[in-house]
Amino acid sequence: MQSLLTVVRALHFASLFALAGSLAFMALVAAPAFRRHPDAAGAEDFRRRLFRLAWLGLGLGVVSGLLWLLLEAKSMSGRPLADAFSGQLLGTVLNRTHFGHDWELRGALALPLVLVLLVAARRQAAVANAALWGALGLSAAEVATLAGAGHAAAGTGWAGSLQLVADGTHLLAAGAWVGGLAPLALLLAAARRNARSACGRAAYDATRRFSALGLIAVAAILATGLVNSLFLVGTVPALLGTDYGHWLMIKVALFAVMAILAAINRFWHLPQLAGKAAPAAALRRLQRNALVEVGLGGAVLLVLGALGTMPPALHSEPRWPLPYRLSLAAIEASPQLRIEALAALAVALLGLAALGYALVRPSQRMALLIAGGFIFLTVGWWPLQFMLVAAYPTSFARSPVPFAAASILRGARVYGENCVACHGAGGRGDGPLAKGLAVAPADLTAEHIFGHSDGDLFWWISRGIPTGPMPGFAASVSAQGRWDLINFIRARAGAAQPSALLPGVTAGPAPLAPDFAFERGGRQGTLREALATGPVLLVLYRLPGALARLRQLAGQEHRLAAAGLRLLAIPIDPAAAETDAAGPLPDFAASAEPDAAAAYALFTGGDHPGDCEFLIGGAGFLRARWRDAPPDEAALLTALGRLAALPMHARPAHVHAH
Amino acid sequence: MRILIAASLLIIVAAQAARAHAFLDHASPAVGSRVTQAPAVVTLWFTQQLEPAFSTVEIVDGGGRRVDLGLQVDATDPTVLHVAVKPLPPGTYRVEWRVVSVDTHTTTGHFIFEVGG
């Protein structure tokens, strides 16, 4: 099913490329060339063949377009193909989906296209010429609207518009170039048949024009392809570690071979045609290369057909294929290393410049090549060794389990059952078995935890560390349990950082606030949703002692809200809260899921039984904590001002986006 | 330098781009959460605009009985689905979703939430 959709998509794109490409070739390349050489034999014959190609493209485009509609109706509805033939299902697809609207637009463009094509295919006349340009415009619209039937259609806002424009331009440029290759081969065949007439000169002119068109198209394809890749792939791991990325690299490689062949045609074979009589050998090679490019273009379109049916790399779980990855952490940590690395980079670039100079300067080329290459490789390697760190297939895996209270508590149970013996109850690497081990267990509360990606931690927990006693737990703990464990370890380590949880905002690393669900005034929400509107003061309270504080905050709520701070209060003991309430609580008091207060006990500091207040920044980090002595209004406003003044890049202790 | 600025702009744009293929971003009641008050509507936020004509959400109780009453796309945000449900007694509920995004791709998933007494 997927492979059939791939082939049909490829066929549809190829048909519309052939249609638009032959019309573009006619209007922009062949017609001006033949106007300069009116005595060229075979011009009329070539014109007829070109129109036959355009009609073929249109016909195949209609058939493949209908097939595509049926296959999408089946795929979107999840019903058998037989149902796709029912008018009701097709009507739903056409009238109520983006794909259907886009498809209808192309269908509507096809009708006037048939009419102008009929006029344009008549003998040369002013009206036929005007009709040709009309047909070119309509077919270009057919090609450009294909952007609305792919991944580019999914964007929103101005980024979505940019994606659509980039994809539409990509398709137009590819259509002009790839679709023009078959017409080029036809023209070269005509020139070989009529080598004695001026047709050879016309072919030379036309090929030069087509090369210029191709150069513009290749530049546009590269630029817009880069934009598309940023949207759909985005990162190096996604490119190297997903099916989508692999197929994209194959597509780029095929494109590179096509571009090299085109360059050989332009700079090697074409100049040989410049004389009075076109040499048959050069014509033959040009034509052969054009046909090879047509084949490669077909392969590119098949890859395109497949890519359109795959989830984009950005959304697939990348499997990192290399034993190393680049990391700037070591260089960032040491200012001296940074200077040395920059100096080495500068010297290495000098070596590279010498290499480049050697290519354009013939004298002493060998010496320059050897010296430049030696400097580039040796000096260039030196900073690289500090940037390469060990990597694993899951290094770039994103945790599927949100950083939430329930997950952290589940992770704490996994920790208690599997990790305490070596890493210790507090995670400091001091468990009862630690002394007997050849390699001391890692301190899981130290800052280094935040230097490792979730994916690295997941790999070590799953597979163990071969150079030490750390065993793998893939067989005994479920994947979700291992991700829960990582959430727990990160939460506890975040709370243990010396710069964290002070009674006032500092620029140092801060722990991420676990998400939780709550109910307030009959409405349900989560901490993350509450943070979307700005910073939150989270109050963990215990009744009846905290009642005075809650009332005090209620009095300040209005002014704090005006300064951009929202209040949210949850009971430390949810069961006791309802019975102990002596009088109505303020509106900002919510009942939270029971796991919330239990998970936040990690941040209240050991067995601290009293009330605790946290200032949580809009980005979701616990920026300040007050115990015993709650902050007065002035202190809160000061903290809020500090929060707003934090540099955007103030490093969280936790790079973990959910 | 200008190229660097342009490149970083592009990366920012890419980072903000809406995601192709719709995945569940979050839900209310939250995924895996326990709520004390039974919701009248279950809301699902997706990462991408949906085709409502082909998107379905089924909610079943612990005994496998359907409790969902009807599906509605949010009036202002086409990435949000609201599902009205019958009055829910305490128990565990399973939400099965199958959505088609505007780029024609189908994604499926499920999550549970608990209504506690």
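We name chains A, B, ... by the order of the sequence lines, and we start the count at 1 in each one. Just so we're clear, the structure is a prediction, and the values are computed from it rather than from any experiment.
If you measure heavy-atom distances from V102(B) to chain A, the contacts under 4.5 Å come from both the backbone and the side chain. At a 4.5 Å heavy-atom cutoff, the contact between T97(A) and chain B is made by backbone and side-chain atoms alike.
Judged by distance alone, the side chain of H26(B) and the main-chain N or O of E529(A) form no donor-acceptor pair under 3.5 Å. Within the 3.5 Å criterion, the main-chain N or O of V35(B) finds no donor-acceptor partner in the side chain of E519(A).
Heavy-atom neighbours of chain B within the stretch residues 98-105 of chain A, taken at a separation under 4.5 angstrom, comprise H98(A), F99(A). Listed in order of number, the residues of residues 76-87 of chain B that approach chain A to under 4.5 Å between heavy atoms amount to none.
Annotation: maximal heavy-atom pairing with chain A below 4.5 Å, among T43(B), T104(B), T56(B), occurs at T104(B). Taking chain A as the reference chain and counting heavy-atom pairs below 4.5 Å, the highest number among A53(B), S55(B), A30(B) is found for A53(B).
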Give the C-alpha distance, both sets of side-chain angles, the deciding distance and a yes or no for side-chain contact (heavy atoms from CB on, under 4.5 Å) between D25(B) and R528(A). CA-CA 11 Å; D25(B) 186 63; R528(A) 226 184 91 202; 3.2 Å; yes

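Counting heavy atoms from C-beta on, the side chains of H151(A) and H105(B) come closer than 4.5 Å.
Rounding to the nearest 0.5 angstrom, the gap separating the OG atom in S77(A) from the CD atom in E51(B) is 12.5 Å.
Atom CH2 of W45(B) is surrounded by more than 12 heavy atoms from other residues, nucleotides or ligands within 6.0 Å.
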